[in-house]
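Below, chain A is the first sequence line, B the second, and so on; all start at residue 1.
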2 protein chains.
Amino acid sequence: MENEVKTASDKVFVDIRQAIVEGEIAQGSKISEPELSKKHQVSRATLREALNRLESCHLIERKANVGCRVISLTPEKLDEIYQVRSALEGLACRLAATNMTDDEINQVKALLDDHLSTQRVRQGESYYQEEGDLDFHYRIIKGSKNSHLINLLCNELYQLVRMYRVQMGMNGPRVSKAFDEHLAIINAIAARDGELAELLMKRHIAASGNNIERKFQ
Amino acid sequence: MENEVKTASDKVFVDIRQAIVEGEIAQGSKISEPELSKKHQVSRATLREALNRLESCHLIERKANVGCRVISLTPEKLDEIYQVRSALEGLACRLAATNMTDDEINQVKALLDDHLSTQRVRQGESYYQEEGDLDFHYRIIKGSKNSHLINLLCNELYQLVRMYRVQMGMNGPRVSKAFDEHLAIINAIAARDGELAELLMKRHIAASGNNIERKFQ
DNA sequence: ATTGCTAAAATTGTCGACAATCTGTTGATC
DNA sequence: GATCAACAGATTGTCGACAATTTTAGCAAT
């Protein structure tokens with residue numbers, strides 16, 4: 001695990017990030033530096049360090065001499081993000097078909113089996129809200145072995161995607177369908193068919209995006 | 001232009017970024033906060049603000065309690081970056097074929113005509129290191145009308161790409177060839193053929209990457 | 001009531017100093 | 001001579017205070 005939280009600003013960053021993603025801090029709301037620094041028991045300098053990183057994750061927006069705002073979730077932005085995500089994870093998937101070891105592929109298969117056996121999938125509940133290494137997408141991305149791509153997707157885009165998932169809700173019949181799609185993707189990778197794997201991943205993500213977009217009505 | 005340099009850390013950020021991209025600060029070299037802050041006549045807090053943004057551009061790497069280093073240029077990283085860039089600009093190009101107005105397309109055509117008439121292209125000189133290429137790719141990217149994608153490419157990835165171009169050198173017969181490729185791309189966009197435009201852009205970028213990679217020998 | 005100006009309050013940007021951590025060297029022990 | 005511990009030096013992380021800018025509040029004029 002590289003989930004290293006060495007410094008104070010690391011901890012504040014992680015805490016606030018979670019608060020934003022989970023909706024504890026409302027989308028679009030203004031962020032007061034004095035208030036937040038007091039709440040988290042750190043100085044403003046430390047808080048600002050954390051805010052900088054939140055901006056890198058596109059979770060907040062800054063204006064000079066004005067301040068920070070939590071981003072607002074809109075259908076338009078969702079569309080933009082999922083277009084980017086589709087292209088990048090599609091690429092990751094194609095690369096993974098070449099670069100993943102047989103061992104890594106088997107581990108992902110075992111992961112999916114495990115998910116199935118816990119039956120949370122069948123109950124259509126919270127399959128999507130898993131985090132970190134437990135996440136299917138996480139492993140495929142890392143399987144690309146492209147560290148720049150990994151950083152982009154896991155550190156800069158992932159929490160933003162997660163924010164839409166969590167706040168817009170993600171459940172119902174889509175869940176078990178998503179599971180089947182995951183299975184098809186890992187099979188394509190196991191067959192070393194990068195082109196197919198990329199196509200399937202792009203479709204999978206597009207379907208996921210459409211599912212969230214539907215919640216905006 | 002939104003090239004707004006409002007605050008002191010903005011200016012320091014832009015200055016250091018240029019120094020890194022142009023190679024004035026050697027790749028892989030360690031960055032001393034006290035030294036740089038003195039050199040740029042600002043406090044360490046202001047400098048660190050700038051360093052944070054440089055990290056967002058992937059131009060420097062940080063380790064907790066250790067410090068910053070300028071990234072090192074390697075063939076492997078070049079490959080990684082160009083894989084990502086190819087996917088993203090390919091996407092941008094496809095979107096541009098749908099979203100650019102006829103006016104915007106004609107402006108890009110006029111831009112290329114202008115580049116040709118200045119004859120710098122025919123002389124095979126520095127077409128790549130100037131705003132010529134910058135403008136072309138910039139305009140296509142902005143033509144995608146996807147603000148997240150625009151930000152990713154123009155603010156987070158572009159200077160890194162430019163660093164490879166500038167420091168590894170970029171000239172010779174590749175230049176006039178690149179110009180022809182630009183022409184083919186804008187024609188595909190004008191024909192509203194997004195699929196072709198994406199394909200051409202991906203090839204164009206791959207060729208550009210290979211050209212740089214050759215310099216590593 | 002609305003508009004425009006002025007001043008006060010609040011917020012962000014910047015600074016210099018202190019604390020925590022790492023790095024490199026010295027010297028002791030085996 | 002090699003390994004390791006302790007120490008000194010330097011570097012980064014953090015803090016509280018001040019400066020610059022923006023926002024708000026109040027008042028005056030139309």
Side-chain angles (χ1 to χ4, degrees), chain A residues 1-20 25-72 151 155, chain B residues 1-20 24-72 155:
Chain A
M1 233 19 124
E2 79 236 18
N3 204 2
E4 299 183 28
V5 181
K6 289 267 181 187
T7 164
S9 62
D10 282 342
K11 177 170 168 45
V12 176
F13 164 63
V14 172
D15 287 349
I16 299 180
R17 184 181 67 184
Q18 176 166 348
I20 291 178
I25 303 177
Q27 49 165 303
S29 63
K30 186 164 184 334
I31 286 183
S32 162
E33 293 185 4
E35 180 190 331
L36 261 192
S37 63
K38 201 175 68 175
K39 179 176 180 181
H40 289 269
Q41 309 275 20
V42 294
S43 76
R44 267 186 60 228
T46 302
L47 176 75
R48 282 165 66 83
E49 175 84 23
L51 291 182
N52 276 322
R53 293 194 226 169
L54 288 171
E55 190 186 14
S56 297
C57 300
H58 309 282
L59 292 176
I60 66 175
E61 289 170 341
R62 277 178 87 189
K63 281 189 179 179
N65 290 312
V66 173
C68 298
R69 278 193 164 313
V70 178
I71 60 153
S72 301
N151 181 52
N155 294 136
Chain B
M1 242 7 132
E2 76 238 18
N3 205 2
E4 299 183 28
V5 180
K6 290 264 180 188
T7 164
S9 63
D10 281 343
K11 177 170 166 47
V12 176
F13 164 63
V14 172
D15 287 348
I16 299 180
R17 185 180 67 183
Q18 177 167 347
I20 291 177
E24 190 182 329
I25 302 177
Q27 49 166 303
S29 64
K30 185 162 186 338
I31 286 182
S32 162
E33 293 183 4
E35 180 190 330
L36 261 192
S37 62
K38 202 175 69 177
K39 179 175 180 181
H40 289 270
Q41 307 275 20
V42 293
S43 77
R44 268 185 60 229
T46 303
L47 176 73
R48 281 164 66 82
E49 176 85 23
L51 291 182
N52 276 321
R53 293 195 224 170
L54 288 171
E55 192 187 11
S56 296
C57 300
H58 309 282
L59 291 176
I60 66 175
E61 288 170 342
R62 279 178 87 187
K63 281 188 179 178
N65 290 311
V66 173
C68 299
R69 291 190 99 70
V70 179
I71 60 152
S72 300
N155 294 137

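Residue pairs satisfying the salt bridge (charged side-chain N to carboxylate O under 4.0 Å, His left out) criterion with at least one member in residues 56-66 of chain A, sequence neighbours excluded, are listed as follows: A:Glu55-A:Arg62, A:Glu61-A:Lys77, A:Arg62-B:Glu49.
Separating the NZ atom in B:Lys11 from the CD1 atom in B:Ile16 is a distance of 10.5 Å, to the nearest 0.5 Å. Here OG of B:Ser9 is found 13.0 Å from CZ of B:Arg48. Values are rounded to the nearest 0.5 Å. Rounded to the nearest 0.5 angstrom, B:Ile31 CD1 and B:Arg69 CZ are separated by 9.5 Å.
Going from atom CZ of A:Phe13 over to atom C1' of D:dT14 covers 19 Å, rounded to whole Å. Atom pair B:Arg69:CZ and D:dT12:P shows a separation of 11 Å (rounding to whole Å applied). The distance from atom NE2 of A:His40 to atom C1' of D:dC15 is 18 Å, rounded to the nearest whole Å. Rounding to whole angstrom units, CG of residue A:Leu47 and C1' of C:dT11 are separated by 13 Å. Atom P of nucleotide D:dC15 and atom CD of A:Glu49 are separated by 12 Å, given to the nearest angstrom. Whole-Å rounding puts the A:Asn52 CG to C:dT12 P distance at 13 Å. Look at CZ on A:Arg44: it is 15 Å from C1' on C:dG16, rounded to the nearest Å. Computed from coordinates, the A:Asp10 CG to C:dA20 C1' distance equals 14 Å when rounded to whole Å.
A:Ala45 comes within 4.0 angstrom of a base, heavy atoms only.
You'll find the side chain of B:Thr7 stays beyond 4.5 Å of the side chain of A:Asn65, heavy atoms only. For the pair A:Ser56 and A:Phe13, the minimum side-chain heavy-atom distance is 4.5 Å or more.
In this structure, A:Thr7 reaches the D:dT14 phosphate: one of its side-chain N or O atoms is under 4.0 Å from OP1 or OP2. OP1 and OP2 of C:dG13 both lie 4.0 Å or more from every side-chain N or O belonging to B:Thr46.
Place A:Lys6 and B:Gln41 on DNA chain C by their nearest nucleotides, and B:Gln41 ends up nearer the 5' end. Two residues, B:Val42 and B:Ala64, neighbour DNA chain C, and the one matched to the more 5' nucleotide by heavy-atom proximity is B:Val42.
The B:Asn65 side chain lies nearest to D:dG13 when the options are D:dG13, C:dG13, D:dC15. For A:Arg48, counting side-chain heavy atoms from C-beta on, the closest listed nucleotide (C:dT21, D:dC15, C:dT14) is C:dT14. Taking the side chain of B:Val66 as heavy atoms from C-beta on, and the options D:dG16, C:dC22, D:dG13, the nearest nucleotide is C:dC22.
Other residues, nucleotides and ligands place no more than 12 heavy atoms under 6.0 Å from the NZ atom of A:Lys38.
Contacts between residues 26-39 of chain B and DNA chain D, defined by a heavy-atom separation below 4.0 Å, involve B:Lys30, B:Ile31, B:Glu33, B:Pro34, listed by number.
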